[in-house]
Amino acid sequence: MKRLHKLLVVTAFAFLASCTEDIVIDVEEGEPMIGVEATFTDELKHHEAVLSYTADFYNKDEIRMVTGATVYVTDGVDTVYYYEDETLEGHYFTDLAAGHKNTLYRFCVDVADAHGEPIHLFAESLMPDNVESIDSLVIKHFNGPNDSVPTVFFFDTIEWMYPYFQSLPDPSIVYMPMVVKNDTLLTDTLTDRMMIPVGGYAGYYINGPEMQAANKEIPIGYYRRSKLRDGDHFKVGLYSIPQDYLVFVYSMMMSSGSNPMLGAPANVSTNIQPEGEGVGWFLTASVVTAETVFRK
């Protein structure tokens with residue numbers, strides 16, 4: 001009897017498998033637009049802008065990059081140009097330059113669209129203020145109720161990283177930590193980013209005694225202890241970013257993936273204008289950094 005039951009189950013699965021077929025959803029195609037990913041911070045460095053053409057959902061061809069564009073950022077007085085990299089199509093870099101906090105910047109792109117017609121893209125962003133410094137970084141256990149969740153999931157002890165700093169009193173400021181471990185950026189993609197809208201904790205000493213007493217510490221990353229080595233070097237850049245960039249990143253996370261049935265039923269937000277010509281984001285941010293070394 002058991003053998004008969006097993007045979008019936010196998011037969012049922014075989015029948016279901018033979019009845020499956022690929023479902024292709026008709027996604028409306030549109031005119032190619034120019035995708036923009038550009039940053040300008042108060043760090044003295046070569047700032048980058050990446051330009052590419054958008055493609056249809058089912059397109060499997062290599063992404064077409066935008067070349068020959070004139071790209072620059074200005075505060076109305078000074079103008080900084082981005083120059084196209086000779087080895088990376090569509091990647092543009094500035095000479096060594098640094099922006100200024102609490103300054104409104106306008107980012108501009110002059111280029112031909114996919115049909116060869118000239119267009120002018122632009123975006124504006126106010127570079128937010130930032131804290132004076134991160135006093136320290138600490139890697140330790142978290143004693144809160146959520147500590148056991150990743151520990152059980154990974155079957156490993158989890159170490160958390162905490163920054164200690166005096167936050168600004170403005171509750172609209174959002175902090176975005178960028179973590180580098182042994183010269184490797186761990187937050188390279190948008191889906192790896194962590195955002196810290198401190199909200200009601202604006203003006204608090206973040207992760208200080210008051211937050212510890214309320215069990216409200218804010219970690220900026222967690223790491224499996226078995227993957228940590230004595231002497232691992234961590235460097236954190238704490239980016240102060242505009243609130244609308246927070247919305248952009250969250251909308252990107254909601255819309256990521258290759259299955260149109262699981263994506264968000266809305267277009268990803270953008271600050272690139274004019275509407276219908278470009279998508280993406282121009283980000284300004286002010287940055288403070290801190291470093292620590294892990295010791296077992």
Side-chain angles (χ1 to χ4, degrees), residues 37-48 50 98 101 127-144 146-147 149-151 153-154 156-168 173-199 201 204-208 211-212 216-243 245-250 252-253 256 281 283-296:
E37 183 182 354
T39 58
F40 192 68
T41 73
D42 63 345
E43 302 166 284
L44 181 61
K45 69 175 188 178
H46 301 282
H47 306 277
E48 183 179 16
V50 182
K101 292 180 288 190
M127 186 179 294
D129 199 1
N130 205 341
V131 301
E132 290 187 6
S133 64
I134 301 174
D135 294 332
S136 62
L137 291 172
V138 175
I139 300 175
K140 64 174 186 175
H141 293 304
F142 174 51
N143 297 320
N146 295 323
D147 185 41
V149 176
T151 298
F153 180 80
F154 289 114
D156 196 357
T157 302
I158 300 300
E159 302 285 357
W160 300 78
M161 177 183 288
Y162 297 88
Y164 292 79
F165 62 92
Q166 176 62 52
S167 67
L168 297 177
I173 290 180
V174 179
Y175 302 102
M176 179 178 72
M178 302 286 279
V179 182
V180 175
K181 176 186 176 185
N182 298 334
D183 299 324
T184 299
L185 181 61
L186 302 181
T187 50
D188 187 33
T189 60
L190 288 179
T191 52
D192 293 329
R193 302 280 169 84
M194 174 182 288
M195 305 293 171
I196 307 176
V198 293
Y201 285 94
Y204 277 61
Y205 190 84
I206 299 300
N207 295 326
M211 295 186 68
Q212 291 180 23
K216 297 293 184 181
E217 295 177 83
I218 302 175
I220 57 174
Y222 63 88
Y223 312 97
R224 297 170 59 181
R225 188 173 181 84
S226 62
K227 300 294 183 180
L228 291 171
R229 299 291 179 266
D230 190 69
D232 278 344
H233 179 267
F234 288 86
K235 181 177 180 180
V236 172
L238 191 68
Y239 284 58
S240 180
I241 62 174
Q243 271 195 333
Y245 185 69
L246 170 72
V247 176
F248 167 70
V249 172
Y250 281 168
M252 286 289 292
M253 290 178 177
S256 63
W281 205 269
L283 169 67
T284 58
S286 53
V287 187
V288 295
T289 61
E291 302 178 35
T292 191
V293 175
F294 175 73
R295 298 297 181 189
K296 286 198 172 180

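A heavy-atom distance below 4.5 Å is found between the side chains of Tyr250 and Met195. Val288 has its side chain out of reach of Glu132: every pair of non-hydrogen atoms, C-beta onward, lies at least 4.5 Å apart. Looking at heavy atoms from C-beta onward, Asp135 lies in side-chain contact with Tyr205 at the 4.5 angstrom threshold. Looking only at side-chain heavy atoms (C-beta outward), Tyr175 and Asn130 come within less than 4.5 Å of each other. Contact of the Val198 side chain with the Tyr204 side chain is not registered, since no non-hydrogen atoms from C-beta on lie closer than 4.5 Å. Side-chain atoms of Phe234 and Ile139, non-hydrogen and from C-beta on, do get closer than 4.5 Å to each other.
Atoms CG and CE, on Leu238 and Met178 in that order, are 11.5 Å from each other to the nearest 0.5 Å. Taking CD1 of Ile218 as the reference point, atom OH of Tyr201 lies at 8.0 Å (rounded to 0.5 Å). Interatomic distance, Tyr239 OH to Glu43 CD, rounded to the nearest 0.5 Å: 4.0 Å. Note that OG1 of Thr41 is 13.0 Å distant from CD1 of Ile241, once rounded to the nearest 0.5 Å. Between the CD1 atom of Ile134 and the OH atom of Tyr162 there is a distance of 15.5 Å, given to the nearest 0.5 Å. Atom-to-atom distance recorded for Met211:CE and Ile206:CD1 is 4.5 Å, nearest 0.5 angstrom.
Taking all atoms of both residues into account, the shortest heavy-atom contact from Gln243 to Val174 is CG-CG2, 3.8 Å. Of all heavy-atom pairs spanning Val131 and Gln166, the tightest one is CG1-O, 3.2 Å. Of all the heavy atoms in Asn207 and Tyr164, the pair that sits closest is O-CE2, 2.9 Å. Considering every non-hydrogen atom in both Val236 and Pro177, the closest pair reads CG1-CB, 4.2 Å. When all heavy atoms of Phe40 and Met127 are compared, the pair lying nearest together is O-CE, 3.5 Å. Among all heavy-atom pairs drawn from Ser240 and Ile173, the shortest one is OG-CG2, 3.2 Å.
Heavy atoms of other residues, nucleotides or ligands lying less than 6.0 angstrom from NZ of Lys45 number more than 12. Other residues, nucleotides and ligands contribute more than 12 heavy atoms inside 6.0 Å of the CG atom of Asp230. Remark: Lys181 NZ is packed, more than 12 non-hydrogen atoms of other residues, nucleotides or ligands lying under 6.0 Å away.
Without hydrogens or angle criteria, Asp42 side chain to Ala98 main chain gives no donor-acceptor distance under 3.5 Å. Between the side chain of Thr187 and the backbone N or O of Arg193, no donor-acceptor pair lies under 3.5 Å.
For the side chain to side chain contact (heavy atoms under 4.5 Å, CB included) test with Tyr223, the passing option among Thr157, Ile158, Val179 is Val179; the others fail.
Between Phe248 and Tyr245, the ring planes are tilted. Angles from 30° to 60° get that label.
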List the steps, then state whether side-chain contact (heavy atoms from CB on, under 4.5 Å) holds for Thr292 with Val138. CA-CA 8 Å; Thr292 191; Val138 175; over 6 Å; no

